[in-house]
Structure formats: structure tokens, C-alpha cells
Amino acid sequence: MQKVRLVMVGNGMAGVRALEELIKLTPDLYDITVFGAEPHPNYNRILLSPVLAGEQTINDIILNDFQWYEDNQIRLYTNKKITKIDRKNRTVEASDGTICEYDRLLLATGSNPFMLPVPGGNLDGVLSYRDIHDTEKMIEAAATHKQAVVIGGGLLGLEAANGLALRGMEVTVIQFAGWLMERQLDETASKMLQASLEAKGLKFALKANTEAILEDVVNPGHVGSVRLKDGTVIPAQLVVMAVGIRPNTELAESAGIHCNRGIVVNDTMQTYDPRIYAVGECVSHRGIAYGLVAPLFDQAKVAANHLAQMGIGRYEGSVTSTKLKVTGVDLFSAGNFMGGDDCEEIVLSDPGAGIYKKIVLKGDKLIGSVMYGDTADGSWYFKLLRDGTNIGAMRDRLMFGENNLGDTGHQGQNKAATMSMEAEVCGCNGVCKGAIVKAIKEKGLFTLDEVRKHTKASSSCGSCTGLVEQILMFTAGGDYSATPKLKAMCGCTDHNHQAVRDAIKTHHLITIPAVMEMLEWRTPNGCASCRPALNYYLISTWAKEAVDDPQSRYINERSHANIQKDGTYSVIPRMWAGETNASELRRIADVVDKYAIPTVKVTGGQRIDLLGIKKEDLVSVWKDLDMPSGHAYAKGLRTVKTCVGSEWCRFGTQDSTQMGKDLERMLWRMYAPHKVKLAVSGCPRNCAESGIKDVGVIGVDSGWEIYIAGNGGIKTEVAAFFVKLKTSDEVLEYAAAFLQLYREEGWYLERTVHYVQRVGMEYVKEKVLNDAINRKALYERLLFSLDGEPDPWHEQIKAQVDTRQFIPVAVLT
Amino acid sequence: MLQLKIKQQHKLKMKFICQLSEIPQLGARRVTRNNGGEIAIFRTGDDQVFALLDRCPHKGGPLSQGIVFGHKVACPLHNWSIGLNDGCATEPDVGCAERYAVELRGVEVWLDTAAPILSQSALTTTIASNVIPIAVV
Ligand SMILES: Cc1cc2nc3c(=O)[nH]c(=O)nc-3n(C[C@H](O)[C@H](O)[C@H](O)COP(=O)(O)OP(=O)(O)OC[C@H]3O[C@@H](n4cnc5c(N)ncnc54)[C@H](O)[C@@H]3O)c2cc1C
Ligand code: HEM
Ligand code: SF4
Ligand code: SF4
Ligand code: FES
């Protein structure tokens, strides 16, 4: 079969990323030709700054060497600029007359630096800062000349100025606005930045307007100085213009493709001519042209997906954030950091220590942030901002950062730069800093996801994410931060969890294949990440109607025990509210002897764990124990922990143990998006630790206080006060109603704390506290779904436990 | 063309294991052996069968207990994806589980219990019975 001919114009970061993604999806569909105006293979433009600063070399920043093109059978023409597209005959033509036919064309022409139209702009020694050529010229000039002027005090200008200063030049930055990086920083942060750059020897002319670039008297044709509107003359043998970029649309426009400050594309990255795609800085998507790599990589992925004829990916725009790559300067900004009339600001300023943090709130949402000096929490704020998380409940602690909210696993470190190469960054997977740096360098990683995949760092609990991002920042210069606004459920679909839940409800879908067909799943039977979610959504939405699919459950829920690292299992029988008796203990002791169970352990959930049981023995262990399943393996109700309470305790005001038993008897066998734990304490001394539970109940003299959405774990979350109630019947009703709301609306693997953060505490109160009819309805629905649910340990057929799994299918001798 | 370098050659010793219906669709069953570790036999959504040593190349997790999807299984311990056809972990993870020749004869599942298949590289064929080394170089 004849391959489809794909031609790409522009051999830069966005375009080549699209090819990489395309080759991953369909290695053989296309015959690919690439035209690049530069003489180099694809390199990391971002890292031109460290090259200029002398921290890296050109060789270090090549992303795809010539061999890569060869290996992937891509015809590469460097030094060939395309000057014409003939859409009728489907050909492109290069300046040297080369003509090439295409079936699909991908434009990735990037952008052009904007040159101020001032007199003298064409003199020798006046440069832009965009490519290797510019950078080499600057390095050359720095070796022979003394003074430089950088016009433009933005991100690019400051990186250029810093680099030139490190190469020994006297540099003055001319900035039109009142402060540096006015589009990313507020005045206070900017002044701090300026002070630290001044300490490095840079000079600044603010609110300054360049009038002309003047010729050198001794060296005609070459730049000698810069004159400002106010008459000041600054001597300079090198002038770098960094006043902005313009999408490079010349070629597209000449071919009659619709452009409007960028080549206009739709959500599949197609231009008005559907055979022609465009990605990168040259593109205008929904009116926005992006100038940072992260969103461009998202675009590349979508274009590749569409070119691969999978046709489902959509690019819906990105939110971006900024960091400056000047060694020793730590700043971060995202969103609306200037605030406004209807916004509130929280500011922490410690000029002595060189730290400034500002976060901008609108209602219960974080909408912007700017930070200087200590940016460890940048990515956390960015995440809150992007996800539109409801931050009402943590507002007073927000300023002190994520660590303050109780993080574990990395020794409280929050500055990656000061960590040694041997220091452990990810406590879950035991990954040290050196290993991450090495992987980033050797494998050319750019994004957090890539680092997670390759090193496993930050892929489990996520508490070290901020550190990993910092390492990525100074190793790759990669801007990791843009991500699609709505995250797809997994690689099998582009729909997110909410869309899937909604579809199941609206279309009355009751089987996994039905969902996959309706929502056009890409894979025949999903993956290990979406199938369990779908199964849960079906049985929680259509109780008694949708049938559970054990093959779509994780092993623990399929075998009703917890798998251990050696492939054996643990068994935790239910002890209502942590109470037991002699007969249960005797049976447990007998089982331990009979099956030679190696370890017996008391759990933190107030029951007894039997560890190291062979799968073959599980069914008979359950039978001999003759106790209900403890569901210690389930995404569902685990335990209700209680203190002794008023029956015995001299401080007790309420019978917490009885309350706990009632709650546990009502809720056991309940599946949920994630595990659910409850606790009941008999008085405010709170011996059962009700403050860190999904539902925590605390007895007081006049009744019960209910707290919700707490948990222990990687990030300890303190439960928030919900309501005070008089009777235990009310406790049952309110707790059940809240949990049912969570069961119906929570996303799979989302714990109550994250669910409540997402929808907002006000919303939960509205549904459960203020609306009595709705509360009763929720309560009824929970009772209905639990009514008659089997105990999988003792009613295996009804619970659809496939008992064949416990025995080998054959024994070979 | 594929070039298989097979250092060791063995005579196939196919044995009847079970009816296909005894393995759940998108699931697996274990075969225990007196000599050697357990073998997992997988049945995919399209009713093909595959056999691997029941030990994940990562830390030895029992693959038979994982979730089967497409022609892969997700290890129950740390969620590596293992290809059923080649026994190898999906990139960037590295490592392969030993493969065994298995075939469907009508509705019967037959397994070669003599020795694992010894080719190193992933074979591009999809039907497990086709990967039995017939053309040996
Ligand atoms: C010094 C510097 C620092 C930066 N720092 C950061 C940063 O910290 N974080 C960040 O996210 N971004 C940063 N950027 C921006 C980032 O590099 C760009 O967003 C990104 O490279 C754009 O990718 P692209 O593929 O759209 O364009 P480019 O990478 O510019 O590629 C376009 C290519 O197309 C070629 N071309 C154009 N027209 C034609 C034609 N007609 N025929 C053939 N070839 C053609 C060009 O020569 C060029 O090689 C920085 C940029 C610079 C210059
Ligand atoms: C995020 C990650 C967590 C993981 C992966 C995890 C994992 C586990 C596992 C595998 C077991 C079962 C042990 C066995 O086989 O017997 C277990 C039990 C338990 N865990 Fe966790 N756990 C997590 C968080 C927590 C948190 C936050 C708490 C408490 C605040 C907690 C408290 C317990 C208790 C009390 C038990 C005993 C269970 C029982 O009695 O039912 N765990 N956990
Ligand atoms: S919480 Fe109060 S009632 Fe319960 S054991 Fe502690 S002191 Fe006693
Ligand atoms: S039981 Fe929990 S805390 Fe203990 S090792 Fe396992 S996951 Fe970690
Ligand atoms: S043992 Fe299989 S993934 Fe770790």
C-alpha cells in the first residue's frame, strides 16, 4: 500500500513533538518529509538561555539528532525554507526551488521575534534572541565587546541580560513599563527580582523609551550606543531586542489560509484547509497564541492523534504558568496575580529573607499567584487554580503552603536545589535526586508525567511533586505546568470522570460494554484503570439493576482479601465497632493454629489481621472463622472505630460504642468511590480520633457533633465540622445521606476530602442539611442499595465470588 | 523476515489443561507444577489464550491475579502492564516473564509444559499457538 505523504514545515519543538507522538501511534502510516530553515536538527530552544549563560553547550540541547530522523525514516531537509504552498496541486516549494508533494501538511513555523521599528535597527550588532544563530552571535560579541543593551525587561530579555552579564559584559536592560516582567509579576515581586539582578551587576532603565540606535563612530555600520527619548545615551556594542514575538504566519497567509494573529485552527489542530494542520507558536487557537512549550506539546499530541486517524483527541486550550530560568532566582507566577475589585489578596512579605508570596482569591477559588524567593508551593497553587478547587476550608492555612497541611515522605524538604544527589526525593518509591536528574538528562524528559513514568518518582502519593517539578525545572528547563483543563479518565477515552458518570445516568447504561460503545472507547475492553471505575459507576448509579463485574475489580475485591507482597493474602474479620468476645477470639486462635498462619496483628482499625494465608485456604478460613467480612480490602466501608464511651469511661457523655455498632451495621457492605472510615468518640477528648475520618462523630453532653471529609495518610486532612445533632437516629440519617451523596457523585478513587473540596462544603450542606426531603431521599437510597447485599465470605454465589479462582485449574506432576 | 535465534531446542510436550470455559473471560487460572513455579493461563476478551510464568518481572507479583485488558495484564502488586504475547513489561518498565506455548484445540486448552519459549524479542504474531518455534535456525 502506498503510504500517505506528510510534509512538515518548520523543524522546531512543537512540530517534532507531533511527529514523535505520531510515530508512537502509527509508525508506518506516513511517509514523512521535514523542511527546516535552520541548519540544525531539532533542539531545545528553551535551553538557549543556559547555553548563553555558559552552563550548557549546544550539543547538550539537541533533542533529536540526525540519526533519529534516519532511524524513523524521516527525510529531513535543513537549511531549506519553504516559500510557497500550492494548495491546488498539493505541493510546497523551497527557496532553492525544491518541490515536494503532500497529502497532509503540518505547519509548525513558530514565531518571529518582533523588532522595534527604530532608526538604526538594521545596524551590525543588533540582534534578536530566538535561535542558535543568535545565541552564537551573542557569545561572539561578548568575547570581543564590553557593553550591551537589552531592550525589553520580560522573561526573554532578562535571561539574555543575565547570560551576557555572566559572560563578562556590562548590561543595561531598557524596560518600557514601570517594572520588570510586568506581565508576570506585580510591582513588589518585581522590585525584589530587580534588586537581586542588580546585585549580580545588571543595570536597569525603567519607564524608558528607545528612540534610536546609533552607529559607532570608530566602527561604521556597527552599533555604538542607544539613545532614549529623554536624551540619555547608553554606550553599547551589542543590542538585543527582546520585546516580544509574532506568530510566523507569512507562509500560511501567502497560501490564503485564514490567519488572525496566528494560523487559525480548530480543536483538532486543522486549519481552514482540512488537509493542512498547524501546531506551535504560529497557531491561534480559540483566539490564543501560546508562547510556552507545554501547551504546544498538548497541541502536538492532538494533531498526532488526528493524523493517526484516531480522530478523538481534542485540544481545548491550556492554562499556563511562568518561571524564570536565571540560576539563583526563584520566581513563579500564574493566573490573575494583580487581583481586582471583586478579589481578595493574601500577602506574605519578608523582604529581609527575600521572600514574597501573594495569592489572589475570588470567592472560594484561587485565581492567581505570584511568588518570589520561595516557590516550592507554586505547583500546588497552580493545581488549585487550574482545577478550580474550592479552598474555603483551608483558606487560613493556604499561605503556609502544602507542607503545612501535613505532608509526609520527604523529610520536610521543600527546596530541591539544596538537596544532595543522594537525598531521597520520593519516599514511596525510594527515588533519589541523582536518579531523577540522570533520567531527565539521558531520556530527554520534559513533563512531570514523563518523569513519573520513567523514574516512578511522584507517581504514588504525590507529596514530592513540587520537588520533582523543581528538579525538572533546573535540569531540563522544561515548563511542565500546562495541562488540559479537563483530564481524561485514562488513555482509553477522552471523556473525564464526570462526563462518564453523567452519560451512565442520562442514557441509563447498565453494562461496561454499553458504556464503552456509547462513549466510543478506543480499546476493546478498557484498561486496569477505567474498568474498575466504570464498574463502580454502574453499580452505584443503578443499584440492583447493574450487575457487578468481578473481572473489572482489583484483585483484593475479587478475592475478598488483601494481597501481600509474596502473593499470600491477609484476612481481617469484622468486629462490630471493635468489640469482640471470647468465642470469636477462640475461633480466631483455632484458625491460626489450623492453617499455620504466620502473623496475627492488631490493626489501627480495631480488629485483628491474619497475615500470610494461602489463596487456597481463604474459603475455609472464612468458614471456620464464622465472622462477617471486614471488607478491609474494599473501596467501601472499612471500619467504625470507637472509644469505650459512657458505658465505662469516667469522662464519657455518650455511648460511643453503641453508636459505632449502629453505624457499622447500617453501612457495612457499602461500596464507595474509595475507602471510607468512620469513628465515634464518647466525649471531646476524642480518643477514637474522629477528627481524621470520612465521617467522625463526637459525643457531647447535649448530643453529637458530626465532622466530615477528613483522613489520615500521606496528606493528613482534618475533618470539617458539619452539623450538631441530638439523637443517634439523626446521626444515622445524616451520616448515611452524606455518604450516599458521595457515592452518587464522587469520582472513582476520590476520597471524601477531595470530593468535598471539588463540590464545596456549601453544596454538601445545601443537599444534606438544608434540604430535609433530599436528605431523607438520599438516606432511603442508601438503605435500598444495601438491603439484602450478601456477605461475600459466606454467600459466595449471591456475591458472585468466582470460587474457581481459589484452586489451581490443573496440577502437573 | 523474523529471525529467531533459539539456542535451546525442545520437543513440545502438550498436555490437556481444561475447557476454555473454565477460565473466566478477561481473567486467568493458575497451573501448579511439581517442578518449577506456577503458570498463569489467561483468556482475553476475544477468547485467545496465553501462558506466562506466574511471576511479574518487577518483584514477582502473581500475574494471574491481575486485571486482563486487551492483550495485557496489569500486575496486582504495583500495576505494571505485562504484554501477554511477549511476556514483557510495557515501556518504560523493563523485564519479561517467561512464556509458555499454549493452544486452543477446539474448546480445549493445551499447554506445553516442557520448557519456556526461549526467544528474546517480541513476536509480532497474535495467536499464541503460532509462536511455537517451528522454524528453528
Ligand atoms: C531564549 C528562549 C528561552 C525560552 N524559554 C522558555 C521557557 O523557559 N519556557 C517555555 O515554555 N518556553 C520558552 N521559550 C519559548 C519556546 O522555546 C517556544 O515556545 C517553542 O520553541 C516554540 O516551538 P515551535 O515549534 O512553535 O517553534 P520553533 O521551535 O521556533 O520552531 C519553528 C521552526 O520553524 C522554522 N521555520 C519557520 N518558517 C519556516 C519555513 N517557511 N520553512 C522552513 N522552516 C521554517 C524556524 O526556523 C524554526 O526552526 C523560550 C524561547 C527562547 C527563544
Ligand atoms: C494511601 C494510601 C494507603 C494505602 C496504600 C494503604 C494500604 C493499606 C493496606 C494494603 C492495608 C491492609 C493491610 C493488610 O493486608 O492487612 C491497610 C490497612 C489499614 N490501613 Fe492503610 N493504607 C493507606 C492509607 C491509610 C490511612 C490514611 C490510614 C489511617 C488513617 C490507614 C489505616 C489503615 C488501617 C487502620 C488498616 C487496618 C485495616 C482494618 O482494620 O480494616 N491506611 N492499609
Ligand atoms: S473520647 Fe471521651 S468517652 Fe471516649 S474514651 Fe476518650 S475520654 Fe472516654
Ligand atoms: S500497611 Fe500502610 S503504612 Fe504500612 S507499609 Fe503498607 S501501605 Fe505503608
Ligand atoms: S511485582 Fe508486578 S508490578 Fe511490582
Side-chain angles (χ1 to χ4, degrees), chain A residues 24 428-429 439 443 445 450-456 459-460 490-492 512-513 516 521-532 535 549-559 561-569 614-616 800 802-813, chain B residues 13 15-41 43-46 54-56 58-82 90-94 109-111 113-114:
Chain A
K24 245 192 273 164
C428 293
N429 299 304
K443 308 237 164 78
L445 312 182
E450 290 169 348
V451 175
R452 283 184 177 151
K453 260 199 208 132
H454 282 87
T455 67
K456 303 282 182 276
S459 62
S460 297
C490 67
C492 305
I512 292 178
M516 290 182 173
W521 238 245
R522 281 196 273 272
T523 44
N525 35 50
C527 69
S529 145
C530 60
R531 281 229 312 275
N535 187 50
D549 173 24
Q551 296 311 127
S552 294
R553 286 184 178 268
Y554 295 124
I555 181 59
N556 288 359
E557 291 188 344
R558 205 179 328 129
S559 59
N562 295 48
I563 196 164
Q564 304 296 324
K565 65 179 192 179
D566 61 354
T568 64
Y569 290 79
K614 288 195 282 302
K615 190 160 186 180
E616 288 85 332
Q800 290 196 75
D802 183 349
T803 48
R804 294 176 305 179
Q805 66 179 305
F806 299 105
I807 45 167
V809 67
V811 180
L812 299 175
T813 45
Chain B
K13 224 168 87 188
K15 274 201 174 165
F16 168 75
I17 298 296
C18 63
Q19 305 288 322
L20 182 63
S21 60
E22 289 175 63
I23 308 174
Q25 220 178 23
L26 294 175
R29 297 288 302 273
R30 298 170 289 145
V31 175
T32 49
R33 297 185 292 178
N34 280 354
N35 297 311
E38 300 191 350
I39 295 175
I41 303 187
R43 175 177 172 194
T44 56
D46 53 5
D54 200 13
R55 285 180 58 82
C56 176
H58 179 219
K59 294 191 175 173
L63 296 173
S64 58
Q65 311 296 301
I67 291 184
V68 176
F69 60 102
H71 285 183
K72 289 190 179 139
V73 60
C75 176
L77 292 196
H78 316 97
N79 210 28
W80 279 24
S81 273
I82 309 293
T90 310
E91 273 197 76
D93 296 324
V94 282
V109 179
W110 287 68
L111 177 73
T113 57

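Because the structure is predicted, anything quoted here is derived from the model rather than measured. Lettering of chains follows the sequences in order, A, B, ..., and the numbering in each one begins at 1.
Using a 4.5 Å cut-off between heavy atoms, A:D802 touches chain B through its side chain atoms alone. B:L77 touches chain A through its side chain: at least one heavy atom from C-beta onward sits under 4.5 Å away, while N, CA, C and O do not. Proximity to chain A is absent for every atom of B:K72, based on heavy atoms less than 4.5 angstrom apart. Only the side chain of B:P62 comes within contact range of chain A, with heavy atoms under 4.5 Å apart. Looking at B:Q25, only its backbone comes within 4.5 Å of chain A, counting heavy atoms on both sides.
Of the inter-residue distances, the one linking B:K59 atom NZ with A:K565 atom NZ reads 8.0 Å to the nearest 0.5 angstrom. Here the OG1-NE2 distance, from A:T523 to B:H71, works out to 12.5 Å after rounding to the nearest 0.5 Å. Summarising the geometry, atom CZ belonging to B:F69 is positioned 7.5 Å from atom SG belonging to A:C492; distances are rounded to the nearest 0.5 Å. Summarising the geometry, atom CD1 belonging to A:I555 is positioned 10.5 Å from atom SG belonging to B:C75; distances are rounded to the nearest 0.5 Å.
Per-residue heavy-atom pair counts under 4.5 Å with chain A were compared for B:V31, B:N34, B:T32, and the maximum is reached by B:T32. Ranked by heavy-atom pairs under 4.5 Å with chain B, the list A:G526, A:P524, A:G567 is led by A:G526. Taking chain B as the reference chain and counting heavy-atom pairs below 4.5 Å, the highest number among A:R553, A:Q805, A:R531 is found for A:R531. Taking B:I39, B:L111, B:I17 one by one and counting their heavy-atom pairs under 4.5 Å with chain A, the maximum is reached by B:I17. Among B:I41, B:N35, B:V68, the residue with the largest count of heavy-atom pairs under 4.5 Å with chain A is B:V68. Highest contact tally toward chain A, considering only B:P76, B:P24, B:C18, is held by B:P24 [criterion: heavy-atom pairs under 4.5 Å].
When atom types are taken as modelled, the side chain of A:R804 and the backbone of B:R29 share no donor-acceptor pair closer than 3.5 angstrom.
Scanning all heavy atoms of the two residues, the minimum distance from B:G70 to A:N525 falls at N-OD1, 2.6 Å. Residue B:G66 comes nearest to A:R558 through the heavy atom pair O-NH2, 3.3 Å, listed as atom of the first residue, atom of the second, then distance. The minimum heavy-atom distance linking B:N79 with A:A528 is given by the pair OD1-CB, 4.2 Å.
Judged as a ring pair (Phe, Tyr, Trp, His ring centres under 6.0 Å), and not counting sequence neighbours, A:H454 has no contacts.
Exactly one residue among A:P532, A:C527, A:S552 makes a side chain to side chain contact (heavy atoms under 4.5 Å, CB included) with B:I67. That residue is A:P532.
Using modelled atom types, one finds a donor on one side chain and an acceptor on the other under 3.5 Å when comparing A:Y569 with B:Q65.
The number of heavy-atom neighbours closer than 6.0 Å to CZ of B:R55, taken from other residues, nucleotides and ligands shown, is 12 or below. For A:K614, the NZ atom counts as loosely surrounded, since its 6.0 Å shell holds 12 or fewer non-hydrogen atoms of other residues, nucleotides or ligands.
Checked for salt-bridge contact, A:E616 and B:R30 meet the test: a charged N lies under 4.0 Å from a carboxylate O.
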